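Only heavy atoms go into these numbers, but all of them, side chains included; no hydrogens, no water, no symmetry mates. Below, chains carry the letters A, B, ... as their sequence lines are ordered, and counting in each starts from 1. The structure presented is a predicted model; accordingly, all values stated were derived computationally and were not measured.
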4 protein chains.
Amino acid sequence: MSDSRRPHTGRRRNEAARRAILDVAVDLLGRDDGAPVTIDSLAAAAGVGKQTIYRWWPSKGAVLLEAMAERAGTDIPVPDTGTLRGDLEAFLAATFRGAGQRLTASVLRNSMAEAQRDPHAREHMRAFVESRRRVLTGLLERARDRGEIAAGADLALMVDQVYGVLWYRVLVGHGPLGDAQAAELARALSDQAAARLGDAAG
Amino acid sequence: MSDSRRPHTGRRRNEAARRAILDVAVDLLGRDDGAPVTIDSLAAAAGVGKQTIYRWWPSKGAVLLEAMAERAGTDIPVPDTGTLRGDLEAFLAATFRGAGQRLTASVLRNSMAEAQRDPHAREHMRAFVESRRRVLTGLLERARDRGEIAAGADLALMVDQVYGVLWYRVLVGHGPLGDAQAAELARALSDQAAARLGDAAG
Amino acid sequence: MSDSRRPHTGRRRNEAARRAILDVAVDLLGRDDGAPVTIDSLAAAAGVGKQTIYRWWPSKGAVLLEAMAERAGTDIPVPDTGTLRGDLEAFLAATFRGAGQRLTASVLRNSMAEAQRDPHAREHMRAFVESRRRVLTGLLERARDRGEIAAGADLALMVDQVYGVLWYRVLVGHGPLGDAQAAELARALSDQAAARLGDAAG
Amino acid sequence: MSDSRRPHTGRRRNEAARRAILDVAVDLLGRDDGAPVTIDSLAAAAGVGKQTIYRWWPSKGAVLLEAMAERAGTDIPVPDTGTLRGDLEAFLAATFRGAGQRLTASVLRNSMAEAQRDPHAREHMRAFVESRRRVLTGLLERARDRGEIAAGADLALMVDQVYGVLWYRVLVGHGPLGDAQAAELARALSDQAAARLGDAAG
DNA sequence: CGGTAACCGAGACGGTACGTCGGGTCTTTCG
DNA sequence: CGAAAGACCCGACGTACCGTCTCGGTTACCG
């Protein structure tokens with residue numbers, strides 16, 4: 001993998017090695033051949049000793065999740081179309097399109113599986129999920145401030161519906177995940193919000 | 001595990017062995033100590049030779065998922081309150097209550113993790129999920145026939161909104177899964193359905 | 001402990017694997033390229049899983065020593081020339097010639113090194129050494145019975161003088177180990193025995 | 001190990017560090033817990049960087065053997081009792097007593113093991129052994145000059161019998177190594193010498 | 001007297017081998 | 001002839017050391 005020699009950095013952590021490990025991790029996670037990413041192959045492909053991985057990460061799951069967070073966390077821009085439905089549709093489309101990619105989906109599936117076994121990975125997963133949720137929650141709060149969502153609405157549950165559908169489809173693979181689904185779900189959620197507003201009004 | 005001696009049955013398949021294997025599988029899946037259920041421990045605990053497992057199941061994942069399906073698949077009665085919201089609330093409450101139990105949740109988490117690695121398990125998971133979805137889909141279709149849901153509504157997506165939230169919370173564990181969530185989600189979905197009806201009417 | 005005769009079910013030890021392991025061990029020990037015989041290479045060369053080695057031997061040293069004992073223990077015939085000096089010369093010549101071979105010497109050196117670290121190997125070495133000593137002790141006892149060695153002579157020390165010289169030269173390599181040395185040492189020891197006889201007589 | 005701070009010596013070799021390394025090496029070699037003295041533990045215990053060891057010694061074995069030579073090489077005084085047997089008995093008693101000490105024996109065993117693997121150590125061992133042999137050879141030559149040993153006698157083989165017995169017992173541990181053995185062996189060797197003298201005379 | 005060369009403690013690095021664990025197959029013996 | 005027992009091959013696991021490297025610092029020598 002790393003043909004060109006990576007220089008030692010003495011007694012300080014070698015940033016180049018860290019990068020190589022994470023890059024290779026994303027690469028391997030992306031393969032959906034079912035091969036479950038071994039530490040040996042990871043180390044070999046990164047041109048790194050296994051100890052260098054274990055020195056900095058407590059477990060395989062931790063590496064994979066950090067790698068995943070880097071990849072999947074590639075910022076989804078927060079749109080501002082002026083309406084809840086427009087914002088949702090744009091955000092969901094970008095999000096679903098990302099997660100729908102074969103490679104990213106594979107990363108997500110492997111990571112979630114790892115998180116079920118490894119407590120470290122679990123914690124990383126929790127943090128990753130939280131960071132993603134925060135973005136969407138912000139979008140919804142803005143809409144609420146604009147008066148498009150009732151004050152008492154359960155924003156968390158709305159967020160869960162989005163990411164729930166996303167993970168569910170990624171993990172089980174029973175249905176597609178693309179622009180059409182994003183649009184449909186955006187409409188459903190804005191309908192939910194509108195209905196509650198009407199309640200409050202009436 | 002099997003204190004009393006299970007008799008050999010000679011040349012015919014030993015149903016008792018099959019039962020013991022599935023029972024032990026559920027038991028081990030239920031432990032959420034993170035220990036990942038090995039075939040050896042499964043065979044030992046069931047008082048069964050490993051070959052007896054492999055004779056009847058193609059892989060570890062297949063056993064575990066079949067075990068899970070037995071447990072988690074305990075039939076949720078399909079309610080009939082006369083209204084979509086009532087039906088949903090009853091169904092979701094029962095479903096969430098089941099999945100929210102520590103043991104069942106543990107089984108689900110382990111099974112989903114297994115399904116990400118093992119193709120056999122993946123297929124089983126797909127089938128299990130499909131069977132569960134069919135029930136809820138039936139409930140929604142009935143409501144559509146009653147005129148509570150628009151003809152063009154994406155029922156599959158509504159089903160996903162339910163099971164997506166369920167799996168998402170089970171797997172990540174960032175929020176509770178109980179009657180309150182069931183009620184809130186039932187209300188949201190029926191609102192969403194009603195909104196589409198209004199569109200169609202106008 | 002409490003178990004009486006259990007008839008043993010299940011697959012039996014694979015004798016071919018055992019032989020392959022020991023043969024390969026001798027082969028690898030024999031290389032005096034300094035490469036220290038790893039379990040991995042041993043298993044690979046024998047076409048055997050590592051576990052199969054660890055199932056039957058407690059440590060690497062134990063395998064190597066058993067292999068060595070088989071090789072070096074190839075029976076040295078006990079000569080019967082009628083005189084102590086003749087017997088000694090024949091026995092020592094055969095023994096030294098064996099140990100002097102490059103391959104056997106290499107096996108001996110590696111084994112002794114292993115025995116210094118590994119308690120299991122140490123015990124095996126003790127047993128091997130003891131079995132070799134017994135043969136020579138028997139030869140000396142016969143000579144004592146014939147009256148060629150004084151009753152009070154320290155036979156154990158005489159045996160040590162033989163094997164001491166042998167191991168010393170094998171391990172340090174400061175001098176040859178062949179027929180000439182055998183003859184010289186045989187003469188020295190029979191002289192030494194004769195001297196004690198004279199003492200007793202005088 | 002080194003509680004008090006060792007002062008830097010700038011660009012000149014730090015003698016204190018060298019001493020600390022050798023002292024710790026002897027200390028660790030002396031443990032007969034079978035733990036095989038690693039460079040890391042050696043460096044840590046000496047409060048020294050690993051590079052400081054590799055700067056001055058070509059390999060682990062070299063350090064250990066130099067340490068051993070220092071300890072075991074503590075000069076055995078060459079006695080002068082006037083007779084071969086007396087000289088031998090005194091010299092052997094002192095030598096055996098030294099090597100018989102648990103700590104020294106442990107050092108010797110570990111060093112010899114190291115010498116079988118490491119070429120540097122092997123060479124050091126050869127040199128050490130040679131220096132020890134020279135002393136005993138000198139003692140024998142003096143006796144030959146006095147006419148107590150025949151001119152044609154194989155002094156080297158006599159020396160080998162002494163050190164052979166010593167190493168053999170140290171390495172295998174099948175018998176004690178003390179004054180009694182020293183006396184018995186001294187008598188045996190002087191008997192050998194006397195016998196050859198008689199031959200020459202007759 | 002200000003570089004600079006060689007030493008030092010520290011510790012990360014790429015590797016190799018370790019001994020263990022688990023997966024899935026194969027073989028033996030019993031009922 | 002199915003089922004238990006369990007040995008087999010394979011390969012990943014996480015750890016221990018190896019010998020190399022770079023760092024930041026100290027001290028002695030040299031210009």
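Rounded to an integer number of Å, the gap from CD1 of C:Ile39 to P of F:dC9 is 14 Å. For D:Arg117 and F:dC17, the CZ to C1' distance is 14 Å, given to the nearest whole Å. Distance, B:Asp40 CG to F:dC8 C1': 13 Å, rounded to whole Å. The CZ-P distance, from B:Arg19 to F:dA3, rounds to 15 Å in whole Å.
Considering every non-hydrogen atom in both D:Leu64 and D:Ala25, the closest pair reads CD2-CB, 4.1 Å. Considering every non-hydrogen atom in both C:Ser106 and C:Leu29, the closest pair reads OG-O, 3.2 Å. Taking every heavy atom of both residues into account, A:Gly61 and A:Glu114 meet most closely at CA-CG, 3.1 Å.
Taking 4.0 angstrom as the limit, D:Lys60 places none of its side-chain polar atoms (N or O) nearer than this to OP1 or OP2 of F:dG19.
The existence of a salt bridge linking D:Arg18 and D:Glu15 is confirmed by a sub-4.0 Å separation between a basic side-chain nitrogen and an acidic carboxylate oxygen.
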| said: Could you write out DNA chain E as dot-bracket? Rules: Watson-Crick or G-U wobble, both distances under 3.5 Å, brackets [ ] for crossings, | for pairs with another strand, dot for unpaired. | reply: |||||||||||||||||||||||||||||||

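For A:Asp118, the salt bridge (Lys or Arg N to Asp or Glu O under 4.0 Å) test picks out no residue, with sequence neighbours left out. In this structure B:Arg122 satisfies the side chain to side chain donor-acceptor pair (under 3.5 Å) test with no other residue, sequence neighbours excluded. Legend: residues meeting salt bridge (Lys or Arg N to Asp or Glu O under 4.0 Å) with D:Arg55, ordered by chain and number and at least two apart, are absent.
Separating the CG atom in A:Asn110 from the CZ atom in B:Arg117 is a distance of 6.5 Å, to the nearest 0.5 Å.
Relative to the ring axis of C:Trp56, C:Arg13 places its NZ or CZ within 45° and under 6.0 Å from the centre.
Nearer to the 5' terminus of DNA chain E, by closest-nucleotide assignment, is the contact made by A:Glu15 (compared with the other of C:Thr38 and A:Glu15).
Of the residues in residues 50-58 of chain D, D:Lys50, D:Gln51, D:Tyr54 come within less than 4.0 Å of DNA chain F through at least one heavy atom, sorted by number.
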| Under 4.0 Å protein heavy-atom contacts per nucleotide of nucleotides 24-31 of chain F, with B for base, S for backbone only and - for none | SBBBBS--

